[in-house]
Amino acid sequence: MDINLKERIRRSPTRQAAPSPPGHPRGRKGAAAVLPLSIAALLACAVLLLLLAGGSAARRGQFLHADPSELPGGGRAGRGDLHQARPRDGIHETSVSSKDKKDKLIGGLLSPGFDEQSCLSRYQSVLYRKESPHLPSRYLLERLREHEVLQKKCGPHTELYKKAVDQLKSGQDTKVGDCNYLVWVSYSGLGNRILTIASAFLYAILTNRVLLLDEDKGTADLFCEPFPNTSWLLPPDFPIKQFKNFSIGSPESYGNMLKTGVVHSYGSFKGPSPAFLYLHLAHDYDDYDKLFFCEYNQQHLQKIPWLILRSDNYFVPSLFLIPAYQAELMRLFPQKDAVFHHLGRYLFHPTNVVWGLITRYYDSYLAKADEKLGIQIRVFDPEPGPFQHVLDQVLACTLKEKLLPDISAQQPIISTRNVRSKVVLITSLNSGYYETIKNMYWEHPTMNGEIISFHQPSHEEHQSSDRRMHNMKAWAEIYLLSLSDVMVTSAWSTFGYVAQGLGGLKTWLMFKPENRTSPDPPCRQVMSMEPCFHAPPFYDCKARQGTDTGKLVPHVRHCEDMSWGLKLVDQNEW
């Protein structure tokens with residue numbers, strides 16, 4: 001609107017109704033004089049509104065009844081999509097608070113069908129975590145909803161579960177039915193358990209199996225149920241009582257059956273198919289166990305109603321090398337380095353007790369900082385430490401990469417206000433690294449004027465994976481780390497892998513020291529936020545000979561911290 005028009009509007013006399021005589025209300029004569037003009041104006045407005053509505057309705061009808069491939073943006077939408085016209089630019093819906101705008105279902109990854117009070121973290125996590133730039137595919141969302149239906153249909157205490165258990169008790173030659181199962185055995189430390197649950201869940205999706213978790217080591221104390229209206233915990237009356245003692249040499253092991261000839265070399269059974277099989281995919285598995293990752297063995301495993309899995313590995317990268325699953329995995333995860341990021345945020349929600357540990361600490365120490373830096377220190381040494389070479393490595397990495405500012409030993413300590421603040425969260429079994437670095441930045445000012453505060457929630461000194469509160473604190477610290485803006489992690493550490501995956505971060509990885517000497521360079525930024533598969537097979541199933549499985553496809557590469565390990569990368573970036 002130009003200034004002349006604004007001025008004319010301002011100067012125009014406002015038309016007012018003629019005043020009534022003092023003490024005399026408007027009579028019917030005055031109303032009658034105004035009525036024809038009012039009716040005419042109303043009729044004109046009505047006609048105009050009808051014309052506008054008709055055009056808008058015609059456009060809506062044309063949009064809603066159009067073939068999806070003809071819609072703006074092209075391409076048919078997936079199942080369950082609603083084709084709705086978006087408001088034009090400049091037209092906004094009723095404003096809501098920033099808190100209400102938070103997407104508590106994180107892009108449709110989570111199902112809305114839960115009692116929020118039973119697991120506060122499920123829908124409150126968005127209030128603490130930045131919105132992820134990594135969006136789940138529409139196909140992954142569809143498959144998650146389908147799997148939730150399967151878990152509810154076949155889960156514990158259902159008639160179909162009872163029927164499957166009765167068949168399991170009957171022994172040999174049990175046929176697969178509508179409900180087939182993958183039982184995860186609790187094993188190893190917390191980071192390993194989280195990574196193997198995610199791996200098992202992806203395998204369950206690929207093979208259409210119900211995932212059930214061994215409740216040992218306090219699984220229910222750590223994680224909320226991820227599937228609505230059912231449980232993923234294996235009932236205590238599961239008939240195979242000895243499954244927790246299965247190991248590499250167990251007769252029930254699929255690898256052992258291949259070795260002893262009970263199963264043919266191509267995976268087919270010589271006699272009736274067993275009711276269940278044990279899959280040993282832990283770090284000490286042998287070449288026969290590793291044949292699990294060959295397609296011909298996968299075909300025969302589909303004939304077994306119950307599979308029992310023990311692992312301490314994130315074996316997802318090798319699933320991407322099985323030809324039968326490749327097309328499905330590509331549709332599920334167009335961004336290859338976001339597999340654990342999506343599965344982890346879907347599966348692992350801290351219980352209310354653990355969520356209390358997380359939120360109380362975050363709100364007290366981390367919430368108000370301009371930037372949050374997480375430093376995870378894991379030392380693979382039988383002695384407790386602290387070690388000077390590890391401290392040197394942490395400082396060399398953070399200072400070289402400008403994650404922490406330099407300090408000034410010459411300038412006097414001056415109190416400053418209204419400057420940028422940074423909070424550093426350190427997690428370690430030992431408190432020595434935290435105390436030393438904290439004192440450095442307390443005793444000396446930073447060169448750039450930043451205010452740095454340091455915090456370490458716990459220092460347990462020793463890993464105690466069987467203690468309930470130890471595991472709850474560890475889970476809380478993993479989660480707190482994942483809320484960082486930038487993160488430094490230690491090589492070979494599944495604790496760090498889980499934190500970086502949940503946070504969707506490409507962390508600065510500190511290389512494993514050798515001979516108690518700080519490595520040079522001390523760290524590098526990882527090429528993907530995916531965890532490393534520490535003990536992958538090196539076998540070409542088709543050629544039946546050894547091969548470098550890190551060179552078969554563009555999106556499976558060797559890890560930065562373990563040259564023989566495998567990890568997923570996004571080939572669009574590398």
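Just so you know, these numbers come straight off a predicted model, no measurement behind them.
The backbone N or O of Asp216 lies less than 3.5 Å from a partner atom in the side chain of Ser186, making a donor-acceptor pair. Judged by distance alone, the side chain of Thr446 and the main-chain N or O of Gly449 form a donor-acceptor pair under 3.5 Å. Side-chain atoms of Ser528 never come within 3.5 Å of backbone atoms of Asp337 as a donor-acceptor pair (strictly under, hydrogens ignored). A donor-acceptor pair is defined here as one N or O able to donate and one able to accept, closer than 3.5 Å; such a pair exists between the side chain of Arg557 and the backbone of Val553.
To the nearest 0.5 angstrom, Cys179 atom SG is 4.0 Å from Tyr181 atom OH. Here His157 contributes atom NE2 and Asp237 contributes atom CG; the two are 7.5 Å apart, rounded to the nearest 0.5 Å. For the atom pair CG (Asn352) and OG1 (Thr359), the distance works out to 9.5 Å, reported to the nearest 0.5 Å. Taking CG of Leu110 as the reference point, atom CG of Leu347 lies at 10.0 Å (rounded to 0.5 Å). Remark: Leu509 CG to Ser493 OG distance equals 9.5 Å, nearest 0.5 Å.
Ring centroid separation for the pair Phe454 and Tyr434 does not come in under the 6.0 Å cut-off. In summary, the aromatic rings of Phe227 and Phe201 are positioned with their centroids under 6.0 Å apart. Taking the six-membered ring for Trp and the full ring otherwise, the centers of Tyr362 and Tyr128 sit less than 6.0 Å from each other.
Ring pair Phe223/Trp232 is perpendicular by interplanar angle, where above 60° counts as perpendicular and below 30° as parallel. Using bins of under 30°, 30° to 60° and over 60° for the plane-to-plane angle, the ring pair Tyr365/Tyr361 lands in the tilted bin. Under the 30°/60° scheme for interplanar angles, the aromatic rings of Trp475 and Phe348 are found to stand perpendicular. Note: Phe533 and Phe315 have perpendicular aromatic rings, judged against thresholds of 30 and 60 degrees for the angle between ring planes.
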- Stepwise, does the side-chain hydrogen bond (donor to acceptor under 3.5 Å, both in side chains) test hold for Glu477 with Ser458? CA-CA 8 Å; Glu477 291 190 13; Ser458 71; 2.3 Å; yes
- Task: Tell me, with the steps shown, if Gln500 and Thr507 meet side-chain hydrogen bond (donor to acceptor under 3.5 Å, both in side chains).
- Result: CA-CA 7 Å; Gln500 74 177 25; Thr507 67; 2.9 Å; yes
- Is there a side chain to side chain contact (heavy atoms under 4.5 Å, CB included) between Leu329 and Leu202 once you walk through the steps? CA-CA 9 Å; Leu329 288 167; Leu202 180 56; 4.0 Å; yes
- Message: Using side chain to side chain contact (heavy atoms under 4.5 Å, CB included), reason through Asn471 and Asp221 one step at a time and then give a plain yes or no.
- Response: CA-CA 9 Å; Asn471 285 327; Asp221 295 327; over 6 Å; no
- Criterion side-chain hydrogen bond (donor to acceptor under 3.5 Å, both in side chains) on Gln456 and Tyr433, from CA distance to verdict: CA-CA 10 Å; Gln456 180 174 346; Tyr433 308 106; over 6 Å; no
- Task: Apply side chain to side chain contact (heavy atoms under 4.5 Å, CB included) to the pair Leu212 and Leu182, showing each step before the final yes or no.
- Result: CA-CA 6 Å; Leu212 296 177; Leu182 177 64; over 6 Å; no
- Take Leu222 and Arg193, measure what side chain to side chain contact (heavy atoms under 4.5 Å, CB included) needs, and give me the verdict at the end. CA-CA 11 Å; Leu222 301 174; Arg193 299 207 302 272; 3.9 Å; yes
- Working for salt bridge (charged side-chain N to carboxylate O under 4.0 Å, His left out), residues Lys130 and Asp485: CA-CA 9 Å; Lys130 287 185 177 180; Asp485 300 306; 2.8 Å; yes
- Message: side-chain hydrogen bond (donor to acceptor under 3.5 Å, both in side chains) for Gln151 and Thr230? Distances and angles first, verdict last.
- Response: CA-CA 7 Å; Gln151 293 275 157; Thr230 187; 5.5 Å; no
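Electrostatic pairing of Glu401 and Arg524 does not count as a salt bridge here, judged by no charged N lying under 4.0 Å from a carboxylate O. At a threshold of 4.0 Å, the pair Arg145-Glu148 counts as salt-bridged, since one of the basic side-chain nitrogens sits closer than that to a carboxylate oxygen.
Contact record, His459 with Asn430: CB-C, 4.1 Å, taken as the closest heavy-atom pair. The shortest non-hydrogen separation linking Cys532 to Lys567 is CA-CB, 4.3 Å. For the pair Ile377 and Val390, the tightest heavy-atom approach, listed with the atom from each and the gap, is CG2-CG1, 3.8 Å. Between Ile205 and Arg143, the shortest heavy-atom contact is O-NH2, 2.8 Å.
In the displayed structure, Gln326 atom CD is contacted under 6.0 Å by more than 12 heavy atoms of other residues, nucleotides or ligands. By the neighbour-count criterion of 12 heavy atoms within 6.0 Å, atom NZ of Lys152 is sparsely surrounded, having that number or fewer from other residues, nucleotides or ligands.
Counting only N and O atoms by type, the side chains of His341 and Ser132 include a donor and acceptor under 3.5 Å apart. Using modelled atom types and a 3.5 Å distance limit, the side chains of Asp312 and His283 yield a donor-acceptor pair. With hydrogens and angles left out, the side-chain atoms of Trp355 and Gln124 include a donor and acceptor closer than 3.5 Å. There is no side-chain donor-acceptor pair under 3.5 Å between Glu530 and Tyr497. For the residue pair Trp508 and Thr489, no side-chain donor N or O sits within less than 3.5 Å of a side-chain acceptor on the partner.
Both tests hold for Arg310 against Tyr187: distance to the six-membered ring centre under 6.0 Å, angle to the ring axis within 45°.
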